[in-house]
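Single-structure report; data block below.
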Amino acid sequence: MIRLERVSRSFTTRDGEVAALRDLDLDITEGQFVAVIGRSGCGKSTLLRLIAGLLAPTGGTVTMAGRPVTRPRPDVALMHQLPALLPWRTALGNVMLPVEIRGLPRAEYRARAVELLDQVGLTGFHQRHPHQLSGGMQQRVALCRALIQRPRVLLMDEPFSALDALTREELAIQLQAMHMAAPATTVFVTHSIPEAVLLADRVVVLGARPGRVRRMLDVGLPRPRSFGHNEHVAQAAECVAELHDLLLND
Ligand SMILES: Nc1ncnc2c1ncn2[C@@H]1O[C@H](COP(=O)(O)OP(=O)(O)OP(=O)(O)O)[C@@H](O)[C@H]1O
Ligand SMILES: [Mg+2]
């Protein structure tokens, strides 16, 4: 589905060339949930921007369904650390924004927007404006906005890292439920190892600058997974410990 072959990306700065990624190879299959972890500055956001078509590689190729990625695509949604909602629009109005921009049938998508907002626990808040919502609620709205068009590919750059720990766990569980119901191919950048183990089929560990794939770990735990007590606690803890050691010894 998504293939990166010997992908490099460098930036020219006042202090010279900065290599963010070098010779990175990565294959992501249709519907797979991939989490990307790695130290700050190792190129995770750069990797997402390359897949999103917001940035061109300086070497190698990025392809999606066999075609080179050269620009942003309507079937690829991107979600950031901060929700970036339009303050003058309601929660529902923000979720509907991509639909209106692309001129899709409003009535049909409105029903879906309502359903999504309810799924993430925002029943009763559809008509509120962003300033009337907590940070966690705003990020839920942003998640609905990313999902409204049923994207084939969902790219998420530390989407929950500005939230308190409990809200963050709740949102991860909701994302898991949504992924199970309709699996989009997902690339999820996070600094949280437990979050990666909860959500991902495969965790990609990027090495320090310039980033390249240092290790991949397949998480074979059955879904739905949970953070609390469950019969796979020991296996999950083993994955977390393994990833922790990999990151720390980089
Ligand atoms: N537009 C740019 N111009 C110059 N340098 C850049 C640019 N974008 C990224 N870089 C550099 O590329 C490297 C990788 O940056 P990137 O933002 O991808 O890291 P990251 O892994 O997402 O870090 P973090 O975990 O802190 O978000 C860094 O050294 C950064 O300074
Ligand atoms: Mg980043």
Side-chain angles (χ1 to χ4, degrees), residues 2-28 33-64 69-72 76-84 135 138-139 142-143 145-146 151 153-165 167-168 171-172 175 185-200 202-217 240 242-250:
I2 302 171
R3 171 165 287 175
L4 290 94
E5 282 172 299
R6 297 189 67 79
V7 166
S8 300
R9 173 69 214 203
S10 49
F11 296 98
T12 310
T13 68
R14 261 179 301 167
D15 311 320
E17 288 270 302
V18 179
L21 297 172
R22 184 171 296 159
D23 292 337
L24 184 140
D25 289 308
L26 183 62
D27 258 323
I28 302 171
F33 197 119
V34 169
V36 179
I37 61 175
R39 285 179 181 270
S40 183
C42 74
K44 302 181 295 297
S45 297
T46 302
L47 172 66
L48 280 196
R49 290 168 67 207
L50 286 165
I51 298 173
L54 294 168
L55 202 64
T58 40
T61 54
V62 182
T63 55
M64 202 173 283
V69 173
T70 51
R71 62 172 75 91
V76 177
L78 184 60
M79 192 176 159
H80 298 281
Q81 195 170 351
L82 296 173
Q138 291 184 32
Q139 199 60 322
L143 176 60
R145 182 181 55 189
V153 175
L154 184 56
L155 306 174
M156 307 177 91
D157 197 353
E158 302 186 44
F160 306 146
S161 55
L163 308 174
D164 68 272
T167 305
R168 182 173 186 150
L171 267 164
L175 176 62
T185 307
T186 306
V187 188
F188 182 92
V189 171
T190 183
H191 279 286
S192 161
I193 295 173
E195 199 171 84
V197 171
L198 180 94
L199 287 165
R202 167 172 283 185
V203 183
V204 173
V205 184
L206 291 188
R209 237 183 321 155
R212 60 198 316 173
V213 176
R214 181 166 141 79
R215 205 29 224 285
M216 291 200 274
L217 183 78
V240 169
E242 170 110 20
L243 291 166
H244 181 265
D245 288 347
L246 271 171
L247 268 187
L248 221 72
N249 298 327
D250 189 23

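When a ligand or atom number is given, it counts from 1 through the structure's own listing order. When reading the values below, keep in mind they use all heavy atoms of this one structure, side chains included, and skip hydrogens, waters and symmetry mates.
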I'd like the name of whichever of S161, C42, S45, A208 reaches closest to atom 22 (O) of ligand 1 through any heavy atom. S45
Within a distance under 4.0 Å of any heavy atom of E158, pick out the atoms of ligand 1 and give their elements. 25 (O), 27 (O)
Tell me whether atom 30 (C) of ligand 1 lies less than 4.0 Å from at least one protein heavy-atom position. no
Sort by chain and number the protein N/O/S atoms found under 2.8 Å from the Mg ion (ligand 2). S45 OG
Protein non-hydrogen atom found under 4.0 Å from atom 24 (P) of ligand 1: yes
Location of contacts on L47 toward ligand 1, heavy atoms closer than 4.0 Å: neither
Looking only at distances, can you tell me whether any N or O atom of G43, backbone or side chain, sits closer than 3.5 Å to an N or O atom of ligand 1? yes
Give yes or no for whether the N/O distance cutoff of 3.5 Å, strictly under, is met between T13 and ligand 1. no
Whether G38 lies under 4.0 Å from ligand 1, heavy atom: no
Would you check whether G41 has a nitrogen or oxygen atom less than 3.5 angstrom from a nitrogen or oxygen atom of ligand 1? yes
Is H191 close enough to touch ligand 1? Criterion: a residue heavy atom under 4.0 Å from a ligand atom. yes
Go through the structure and list residues passing salt bridge (charged side-chain N to carboxylate O under 4.0 Å, His left out) with R22, not counting sequence neighbours. none
